[in-house]
Amino acid sequence: MASLQDISVSAAINIISAIAFLVAFAILRLQPVNDRVYFPKWYLKGIRGSPTRSGGFVSTFVNLDFRTYIRFLNWMPAALRMPEPELINHAGLDSTAFIRIYLLGLKIFVPITFLAFVVLVPVNWTGETLETIKDVTFSNIDKLSISNVPSGSQRFWAHLVMAYVFTFWTFYILYREYKLMTNMRLQFLASEDRSPDQYTVLVRNVPPDSDESVSEHVEHFFCVNHPDYYLTHQVVYNANKLAKLVDKKKSLQNWYIYYQNKYERNPSKKPTMKTGFWGLWGTRVDAIDYYAAEIEKLTDEEQAERERVISDPKAIIPAAFVSFKSRWGAAVCAQTQQTSNPTIWLTEWAPEPRDVYWDNLAIPYVKLTIRRLLMAVSLFFLTFFFMIPIAFVQSLANIEGIEKVLPFLKPLIERKGVKSLIQGFLPGIALKIFLILLPTILMTMSKIEGFTSLSSLERRSAGKYHLFVLVNVFLGSIIAGTAFQQLKSFLHQAPTEIPITIGVSIPMKATFFITYIMVDGWAGIAAEILRLVPLVVFHLKNTFLVKTEKDREQAMDPGCLGFATSEPRIQLYFLLGFVYSVVTPVLLPFIIVFFAFAYMVFRHQVINVYNQKYESAAAFWPDVHRRLIIGMVISQLLLMGLMSTKDATNSTPLLIVLPVLTIWFHIFCKGRFESAFVKLPLQNAMVRDTLERATEPNLNLKAYLQDAYVHPVFRGGELEKPAVIDEEENNPLVPTKRTSRRSSKYGSDCSSEAGI
């Protein structure tokens, strides 16, 4: 059990680390050579150019104006200065909504912390119970928790009342925030610039037809069933192999440029390389000639594959992006069932073009259910087996418990400084290390499941990550920690006493989570703003690959918020706040520091650095709200279980009401607000269409949409375009290649020419 001294050591290490990161960032950002690392967003917008300074060669790399170093912390007020409407225009609603999650944490927990310290901390501190319990390991910090209140005490009424106060305050804040985000989303959708996804629907599971190709079949279906609004469509090609060849060619071109630049710097010696694995063995050849030949060979393969994809009917998959003449027409199609068979002609809103994950469009729709079932099973086993490293981490956090069972380790552990370092710092950093590879694994699983947009992949991956954090990091840490911490008690006490020991021990895990918050939420956030890895990578590219300003722009890596990992990580802090606000309030100030610091840092990053890959207009907010509700329910159930071990039987019926109220609140908010994040109101669509027709009567929408959803590998190349009936828009006959009269799949009979 970490003592106050251990927590102090951890706090000192993490505060010093955070300050070091912030000072390094404040200095590095002022250097002209790093300008594209710390302000890439302004370069991408074309607002900022490479800094020009007088004073010779050195000034192009180092800032020699010492007056700027005096104001090296001015980035902090600057990050808070931009108004929210301007931030939305600058960075988008997704980024703004994400930042508001941190602000939401401050709104919830600042008042809760004040009340908890005024009411609950004195009640807990004066309980004086832990000293009377034998064989239970505790520290001075635990005296501030509910564990220090004697069983059956009337003091528990204070905890019960505060649980209700905290719950209703959270309801109030969550409702206001959900309502605000709903209005912000609707306003954003009503005012955003024209984009192809506003008029386009993704159609999947197009049924096969022996008389028509996929393109002809799609055109015929929508001409018949959406005659007044159908405009054009783009079939989807399985170009995954071609995309891999294009990516491989780009990689070879980078190496070619690298060796070419190397030769230009030293013309007296031509660069050579070995052709084996990673250049470790094989025949030594001229590097420039080798990569030139490889690029030429790959270009031929690419061209052959490109021609095969365009000419092979089997390369066209049963899906298409269908565009309409108005937003209203697209909304009707996207939000309705197209046929009496609910498994074919499946429609959904198309992602914006940059949001499309093209690799998954080639997955047959019938395989998606199987893939998702397999990934659900895989997630279960991944979550289960990850308990092993979690238990190891908890063994570091509970050395006193290990010493009781393994006394021979005591001389090593009790050395001066070793114990404080192990308990105060290593558990948090070890847990963070174990979690490094997890996001990549979960994102790969989401891709296997077959989601067709980057935004849906991130939301799905975030759901997995949240489940993992909930089961392993939170519940796993408590269960494993309790087992290690109270191992001797478990082995020697009567079975009826074990629930009491667990009830007392759960609040004691607050010390472990305090160390984790300081490592991840303080030093980790400070490391985020330093951007050490992008800094090193940029300068490596700038040294070896960059020849022109365009190359230098491509060498920038602005990154993005990474919703799949960042949002579940925030949810852990909310969960800890909900659970420990009544149980161990001393943890709350550490959470407030995290929310405040992260709000400032990520606001700066969104303004100056991050360039989002897509814009979903805060479509993730219902997920955020639902996970907050899950955290509240878990905290209430844990409090109920804890109080049952404290002989507070009178409070149990009153505590049962809390999760019931919380679930009702969620159902109410879901019915009131969630539809705005799933569907586009037809009224809003009609208003925008009417305004557009009035202000731009000559808009050529077909030309605007024609190439919007062409696969990136075909951009700028020749690709067969669907034949669109515009000169015959007023013709009530729809051409078809069917030669036999039969019952149509569309709900009406079609022969060689079908009437609408």
Side-chain angles (χ1 to χ4, degrees), residues 20-45 48-53 57-63 244 246-282 284-292 294-295 298 433 436-437 439-440 524 526-562 565 604-605 608-611 613:
F21 289 146
L22 292 176
V23 171
F25 161 73
I27 295 174
L28 289 172
R29 67 186 284 271
L30 296 175
Q31 312 311 315
V33 71
N34 298 328
D35 204 55
R36 289 178 180 269
V37 178
Y38 294 109
F39 301 96
K41 188 158 197 165
W42 299 100
Y43 283 91
L44 295 175
K45 284 179 171 287
R48 195 181 185 103
S50 298
T52 56
R53 298 185 181 270
F57 177 76
V58 176
S59 62
T60 60
F61 298 95
V62 181
N63 185 356
K244 291 178 182 178
V246 171
D247 290 340
K248 184 178 179 181
K249 182 179 175 180
K250 288 180 180 178
S251 176
L252 293 178
Q253 287 172 334
N254 285 336
W255 282 110
Y256 178 77
I257 293 172
Y258 164 72
Y259 284 113
Q260 210 172 31
N261 290 346
K262 187 176 181 180
Y263 178 63
E264 289 176 359
R265 293 188 184 98
N266 185 14
S268 61
K269 183 180 179 182
K270 295 204 72 174
T272 60
M273 59 166 289
K274 292 183 178 180
T275 58
F277 181 71
W278 281 5
L280 298 177
W281 57 73
R284 184 169 292 278
V285 296
D286 184 294
I288 296 177
D289 293 342
Y290 173 79
Y291 279 109
E294 288 294 310
I295 291 172
L298 205 60
I433 291 173
I436 286 177
L437 294 178
T440 303
E528 172 69 26
I529 201 172
L530 181 59
R531 306 197 76 226
L532 187 59
V533 173
L535 176 69
V536 173
V537 171
F538 172 77
H539 286 300
L540 288 175
K541 289 182 177 180
N542 197 38
T543 302
F544 298 111
L545 298 178
V546 170
K547 299 179 76 174
T548 65
E549 282 297 313
K550 184 177 180 181
D551 295 335
R552 189 168 286 107
E553 181 176 318
Q554 292 176 345
M556 292 189 302
D557 179 22
C560 59
L561 282 169
T565 56
H604 172 274
Q605 298 295 83
N608 298 295
V609 181
Y610 296 145
N611 185 45
K613 299 177 181 178

Problem - Side-chain touch H604/F25, heavy atoms, less than 4.5 angstrom - result: yes
Problem - Inter-residue atom distance T543.OG1 - R265.CZ, 0.5 Å rounding - result: 7.0 Å
Exercise for the section: Verify, without hydrogens or angle tests, whether R29 (side chain) and F39 (backbone) share a donor-acceptor contact under 3.5 angstrom. Expected result: no
Practice task
Determine whether H539 and V33 make a side-chain contact, defined as any pair of heavy atoms from C-beta on separated by less than 4.5 Å.
Solution key: yes
Handout entry: Beyond-backbone contact of L532 with F21, side-chain heavy atoms, under 4.5 angstrom
Key = no
Problem - Shortest non-hydrogen contact from P558 toward R531 - result: O-NH2, 3.2 Å
Completion exercise
Correct closest heavy-atom pair for V609 and Y38 would be CG2-O, 3.6 Å
Problem - CD1-CD1 distance between I288 and I257, expressed to the nearest 0.5 angstrom - result: 11.5 Å
Handout entry: Minimum-distance pair of heavy atoms, taken over all atoms of C560 and K613
Key = SG-CE, 3.9 Å
Exercise for the section: State, with a plain yes or no, whether a side-chain heavy atom of L44 is found less than 4.5 Å away from one of M556. Expected result: yes
Exercise for the section: Please check if the side chain of Q31 supplies one atom and the backbone of I27 the other of a donor-acceptor pair under 3.5 Å. Expected result: yes
Handout entry: Contact check, side chains of F538 and V533, non-hydrogen atoms, under 4.5 Å
Key = no
Exercise for the section: Find out whether M273 and W255 are in side-chain contact, i.e. whether some heavy atom of one side chain is under 4.5 Å from a heavy atom of the other. Expected result: no
Exercise for the section: Give a yes or no on whether K248 atom NZ has more than 12 heavy-atom contacts from other residues, nucleotides or ligands under 6.0 Å away. Expected result: no
Problem - Distance (rounded to the nearest 0.5 Å) between Q605 CD and L561 CG - result: 9.0 Å
Practice task
Kindly confirm or rule out a cation-pi arrangement of K270 over Y263, judged by NZ or CZ under 6.0 Å from the six-membered ring centre and within 45° of its axis?
Solution key: yes
Practice task
Give a yes or no on whether the backbone of N611 and the side-chain of K41 come within a donor-acceptor separation of less than 3.5 Å.
Solution key: no
Completion exercise
Here the gap from I529 atom CD1 to L28 atom CG, rounded to the nearest 0.5 Å, amounts to 11.5 Å
Handout entry: Other residues, nucleotides, ligands: >12 heavy atoms within 6.0 Å of K250 NZ
Key = no
